[in-house]
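Below is one structure, written out as C-alpha cells, with a few remarks after it.
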Amino acid sequence: MTASSLLAEISDVGRDPKRGGYSRHAFDAAETELRAWFAERAGRLGLGVETDRNGNIWAWWGTPGPDAVVTGSHLDSVPGGGAFDGPLGVASALDAVETLQAKGFRPAKPFAVVVFAEEEGGRFGVPCLGSRLLTGTIDADKARGLRDPDGVTFAEAAAKSGLDPQRVGRDAERLGLIGRFLELHVEQGRGLIDLGSPVAVGNTVIAHGRWRFSFQGQGNHAGATLIGDRRDPMIPAAETVLAVQKSAKATVGARATVGRLVPIPGGTNVIASTVDLWLDARVPGTDTPELVAEIAKLAEEAAGQEGCRVDVTRESYSDDVVFDDALRRDLGTWLGGPPELPTGAGHDAAILAGFVPSGMLYVRNPTGISHSPEEFSEAEDVDHGARALADVLEKLST
C-alpha cells in the first residue's frame, strides 16, 4: 500500500453533496467509519489499537512505554473540506510503518500512530479538542458542555460513541509517554511549488483564536415593521464583517475571517432576533487579542446605533508556537536540507509543542488552496512525503 492508495480507499467516505468536498466531524457517521477503517488498517500491520478517554485513537507498534516516538494527525474535516487535511498524515503514518516493517526494521523505542479527535472543531467549535483535552489546555467541564449546531453536547456525543464523559480531561500518564511527536500535513498555503520542493519542515505556527459575537435585537415582521422602528441585529453584524476586513488590512500580517453567520430564527420574511457570527483571528506575535478588542469595540458601537447589544465570547486561543529547535534541525539534516515554512494554520502538533518536543512536515500543495474541495496534492508528492516520514521515524526510533 501507499499513502495515496490509502487515501483512495476512503475517498467516498463523508462526501458532502451540498457543499462539495467532505464533511467528517467528531463521532458522526463518516468519522466513525474512518475510525473503524484506521483500526482495521492498523490491525493488519500488527499494531495494538486503543482509544483513550478523550476519544483519540492510538495504534502501538510493540509495547506502549515512555519516551515513545509518536506520529499521526486527524481524520475529521471542516464542513465541505478537502481530501488531504488530516487524513494525509494518518495515511502517511500507516504507509511509513509498513515501509519500515518491509525492510525488517523494529523500533528500539516505543512507537505509536495517533488519530486525534475533533482537530478542526467542525462540530463542537473548539479546534484541536482531542489534543487540548489530552494536555489539559481546555477545561474538562467546558469541553463536556460544548454543543454542536443541533444542540448535542460533547458529553452526549462522547457517551454515544462509547466514552465515559466524566473521564475526559488531562491525561498526564498518556502524555508522559510521548518522547517526541511528529505530524505530517498537507501544505496550507502556497510555498513549496515556488520553492521546487515536495516537502518542507515546519518552524512556527501563528497565534490564532476563535471568538463568538452574539448580536441581540428584536425579532419582528419584515413587511409590517417600518425601517425606523427596527432593532435589527443583522445590521451591526454586517457592519462587523466589514470591520473585520478593514481592521485586518491595517494590521501587519493579520488574517481575520468571518466564515459562519447564523441568524435566528432565520426566516426570509423575518427580522432576526439574534445573529451569531464567529471570528477567526490570527496575528503573528502577541497582537491577536488587540485586533479582536478593536473589532469588538466597533461591533459594540454598531450595535448601539441600531438599539441592539452584542456579547463577545472567546472560544479558543493559542499563542505563537515555535517547534522544537533540535528536532527541527534533525529533520532538516536527515531530509537533505528541505525548506522551512511557517504556517497560519493550527495543528495538534502545535498544542503538543508546549509539553513535548514536536515537529511538522508539510507536503506540497501546488495551488495553496485548503479547507476547500479544491485542496490538492499530487500522488507522487503524497508518496514522497510518506517516504520522508518513514526515513525520519526510523532515525527517531533507533
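This is a predicted model, so every value here is computed, not measured.
- Using a 4.0 Å cut-off between charged side-chain N and carboxylate O, Asp139 and Lys142 make no salt bridge.
- No more than 12 heavy atoms of other residues, nucleotides or ligands lie within 6.0 Å of CD in Glu173, so this atom counts as exposed by the packing criterion.
- Atom CD of residue Glu120 and atom SG of residue Cys128 lie 8.0 Å apart, to the nearest 0.5 angstrom.
- In this structure the side chain of Phe154 reaches within 4.5 angstrom of the side chain of Leu129, judged on heavy atoms.
- Placement of Leu47 and Leu389 within a single hydrophobic cluster is found when ILVMFWY residues are connected by side-chain heavy-atom separations under 4.5 Å, directly or transitively.
- In this structure, Phe105 and Trp61 have perpendicular ring planes: the angle between them is above 60°, well past the 30° mark.
- Applying the 6.0 Å contact sphere to CD of Glu380 captures no more than 12 heavy atoms from other residues, nucleotides or ligands.
- A side-chain contact (heavy atoms from CB on, under 4.5 Å) with Val283 is found for one member of Ile206, Leu291, Val252 and no other, namely Leu291.
- The backbone N or O of Glu374 sits less than 3.5 Å from a side-chain atom of Ser372, completing a donor-acceptor pair.
- Checked against Phe111 for a side-chain contact (heavy atoms from CB on, under 4.5 Å), the options Leu393, Leu396, Thr63, Val70 give a single hit: Leu393.
- A donor-acceptor pair under 3.5 Å is formed between the side chain of Arg24 and the backbone N or O of Val13.
- A salt bridge does not link Asp164 with Arg167: none of the charged nitrogens is closer than 4.0 Å to a carboxylate oxygen.
- Asn54 CG to Arg132 CZ: the interatomic distance, rounded to the nearest 0.5 Å, is 13.5 Å.
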Run the side-chain contact (heavy atoms from CB on, under 4.5 Å) check on Val322 and Arg328 step by step: do they pass?
CA-CA 10 Å; Val322 178; Arg328 194 170 73 244; 4.0 Å; yes

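- No option in Asp276, Asp311, Thr274 other than Asp276 meets the side chain to side chain donor-acceptor pair (under 3.5 Å) test with Ser214.
- Each of Asp148, Asp28, Asp150, Asp76 was checked for a salt bridge (Lys or Arg N to Asp or Glu O under 4.0 Å) with Arg123, and the lone residue meeting it is Asp148.
- Each of Val258, Val244, Val312 was compared with Ile295 under the side-chain contact (heavy atoms from CB on, under 4.5 Å) criterion, and only Val244 meets it.
- Residues Leu163 and Phe27 meet the side-chain proximity criterion, which asks for heavy atoms closer than 4.5 Å.
- Between Phe323 and Met360, some side-chain heavy-atom pair lies under the 4.5 Å cut-off.
- Within 6.0 Å of NZ in Lys297 there are 12 or fewer heavy atoms belonging to other residues, nucleotides or ligands.
- Ion pairing of Glu156 with Lys160 is absent here, as no side-chain N (NZ or NE/NH1/NH2) approaches a carboxylate O to less than 4.0 Å.
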Could you walk me through whether Asp85 and His371 pass side-chain contact (heavy atoms from CB on, under 4.5 Å), step by step?
CA-CA 7 Å; Asp85 182 356; His371 281 189; 3.0 Å; yes

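- Taking each heavy atom of Leu298 and Ala243 in turn, the nearest pair found is CD1-CB, 3.8 Å.
- Residues Pro289 and Tyr317 have side chains in contact (heavy-atom distance under 4.5 Å, counting atoms from C-beta outward).
- Residues Leu94 and Met1 have side chains in contact (heavy-atom distance under 4.5 Å, counting atoms from C-beta outward).
- Listed for the Arg170 side chain is a donor-acceptor partner under 3.5 Å among the backbone atoms of Thr135.
- A donor-acceptor pair is defined here as one N or O able to donate and one able to accept, closer than 3.5 Å; such a pair exists between the side chain of Arg230 and the backbone of Thr225.
- Thr288 contributes atom OG1, which lies 9.5 Å from atom NE2 of His208 (distance to the nearest 0.5 angstrom).
- Residues Gln166 and Arg144 have side chains in contact (heavy-atom distance under 4.5 Å, counting atoms from C-beta outward).
- The backbone N or O of Trp58 sits nowhere less than 3.5 Å from a side-chain atom of Asp52 that would complete a donor-acceptor pair.
- Panel note: side chain Ser197, backbone Pro339; no donor-acceptor pair is recorded below 3.5 Å.
- Ser273 places a side-chain N or O within donor-acceptor distance of the main-chain N or O of Ile264, the cut-off being under 3.5 Å.
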What's the verdict on side-chain contact (heavy atoms from CB on, under 4.5 Å) for Leu6 and Glu9, showing C-alpha distance, side-chain angles and the deciding distance?
CA-CA 5 Å; Leu6 286 169; Glu9 289 181 1; 3.8 Å; yes

From CA spacing to verdict: side-chain contact (heavy atoms from CB on, under 4.5 Å), Ser73, Val90
CA-CA 5 Å; Ser73 192; Val90 175; 4.2 Å; yes

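- Remark: the backbone N or O of Gly285 is paired with a side-chain donor or acceptor of Asp320 at under 3.5 angstrom.
- Aromatic ring orientation, Tyr362 versus His347: tilted (interplanar angle from 30° to 60°).
- From Phe215, atom CZ reaches atom CG of Leu261 across 8.5 Å, with rounding to the nearest 0.5 Å.
- Under the 3.5 Å distance criterion, the side-chain polar atoms of Asn56 are matched with a main-chain donor or acceptor of Ala117.
- Counting heavy atoms from C-beta on, the side chains of Ser377 and Asn365 never come closer than 4.5 Å.
- One distance of note links CG of Leu277 with CZ of Arg260; it measures 10.5 Å at 0.5 Å rounding.
- Summarising the geometry, atom CG belonging to Leu352 is positioned 11.5 Å from atom CG belonging to Leu182; distances are rounded to the nearest 0.5 Å.
- When atom types are taken as modelled, the side chain of Thr32 and the backbone of Ala29 share no donor-acceptor pair closer than 3.5 angstrom.
- Taken together through direct or relayed side-chain contacts under 4.5 Å among Ile, Leu, Val, Met, Phe, Trp and Tyr, Leu88 and Ile369 form parts of separate hydrophobic clusters.
- Taking the six-membered ring where tryptophan is involved, the planes of Phe181 and Phe116 are perpendicular, since the angle between them exceeds 60° and thus also 30°.
- Atom CD of Gln245 sits in a sparse spot, with 12 or fewer heavy atoms from other residues, nucleotides or ligands closer than 6.0 Å.
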